[in-house]
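Okay, so here's the structure we're looking at.
For the numbers below, each heavy atom of this structure counts, side chains included, while hydrogens, waters and symmetry mates do not. Sequence positions, counted from 1, serve as the residue numbers for this chain.
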Amino acid sequence: MDDAAARRRDGTLVFNDLILWTRDLLRDDPLARAQLRERFDALLIDEFQDTDPWQVDIAEAFASDDAGGLAPGRLFLVGDPKQSIYRFRRADMAAYAAERSRVADAGGVLGALTENRRSRAVVVAWVNRVMGPLFAEVADPTVQAPH
């Protein structure tokens with residue numbers, strides 16, 4: 001018996017067990033997907049930059065229509081890839097970038113906050129001046145957010 005099966009038997013689940021089993025249930029059981037969609041109109045995921053691929057699969061299972069496309073108005077994502085800090089929890093910039101592209105391709109609105117009300121302008125200008133050259137070389141949004 002593997003570790004996951006033993007945890008299931010003993011009722012000693014860990015976080016990843018819950019995520020994986022939820023993903024598998026929604027992927028494999030059309031009735032479970034239908035019941036979830038019937039109960040909830042929309043899903044909002046804040047801090048989406050820290051979402052792992054299994055969690056993306058859960059969101060897509062909920063937000064997709066019967067043909068597999070994203071149903072309009074079902075999925076709302078809020079995230080800043082520059083703030084992704086949970087790689088140890090399987091947060092994945094490639095999953096973030098792929099889902100962002102999928103939403104855009106489905107006609108979703110990609111808004112951007114362009115005004116910082118948390119920091120003084122002089123601090124933001126200094127950080128941008130110092131950090132800009134360090135981030136300029138990475139052009140692949142699946143690895144690192146552009147500066």
Can you give the donor-acceptor pairs under 3.5 Å from side chains of residues 64-73 to other protein atoms, not counting sequence neighbours?
unit_1 : atom_1 : unit_2 : atom_2 : d
Ser64  : OG     : Glu60  : O      : 2.6
Asp65  : OD1    : Ala67  : N      : 3.0
Asp65  : OD1    : Gly68  : N      : 3.0
Asp65  : OD1    : Gly69  : N      : 2.9

Which atom names give the shortest non-hydrogen contact between Ser119 and Asn116, and what distance separates them?
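Of all heavy-atom pairs spanning Ser119 and Asn116, the closest is N-OD1, 3.0 Å.
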Does [X] [atom1] have over 12 foreign heavy atoms under 6.0 Å away?
X     : atom1 : value
Arg9  : CZ    : yes
Leu44 : CG    : yes
Asp28 : CG    : yes

Between Ile45 and Val78, is any pair of side-chain heavy atoms under 4.5 Å apart?
no
Side chains of Asp52 and Asp92: does their closest heavy-atom pair fall under 4.5 Å?
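Counting from C-beta outward, Asp52 and Asp92 never come under 4.5 Å.
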Please determine whether residues [X] and [Y] belong to a single hydrophobic cluster, defined as Ile, Leu, Val, Met, Phe, Trp and Tyr linked transitively by side-chain heavy-atom distances below 4.5 Å.
X     : Y      : value
Leu43 : Leu18  : yes
Phe15 : Leu26  : yes
Leu75 : Val109 : no

Between CG of Leu36 and CG of Asp29, what distance do you get to the nearest 0.5 Å?
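So the CG of Leu36 and the CG of Asp29 are separated by 11.0 Å.
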Enter the distance from Leu13:CG to Leu20:CG here, rounded to the nearest 0.5 Å.
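Answer rounded to 0.5 Å: 11.0 Å.
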Whether [X] side chain and [Y] backbone form a donor-acceptor pair below 3.5 Å:
X     : Y     : result
Arg23 : Gln55 : no
Asp10 : Arg7  : no
Glu99 : Tyr96 : no
Arg37 : Ala61 : yes

Got a salt bridge between Arg102 and Asp105, using NZ or NE/NH1/NH2 to carboxylate O under 4.0 Å?
no
Mind checking side chain to side chain donor-acceptor pair (under 3.5 Å) for Asp80 and listing every partner two or more places apart, or none if nothing turns up?
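Counting only residues at least two positions away or on another chain, Asp80 forms a side chain to side chain donor-acceptor pair (under 3.5 Å) with Gln83.
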Can you list the steps and then say if Arg100 with Phe48 is a side chain to side chain contact (heavy atoms under 4.5 Å, CB included)?
CA-CA 10 Å; Arg100 191 175 193 279; Phe48 186 70; over 6 Å; no
Would Trp21 and Leu25 count as a side chain to side chain contact (heavy atoms under 4.5 Å, CB included) if you check the C-alpha gap in whole Å, the side-chain angles of each, and the deciding distance to 0.1 Å?
CA-CA 6 Å; Trp21 296 340; Leu25 174 68; over 6 Å; no
For Trp126 and Val130: C-alpha separation, side-chain torsions, deciding distance, then whether side chain to side chain contact (heavy atoms under 4.5 Å, CB included) applies.
CA-CA 6 Å; Trp126 181 85; Val130 170; 3.5 Å; yes
Do Phe62 and Phe40 have ring centres separated by under 6.0 Å?
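No: the rings miss the under 6.0 Å criterion.
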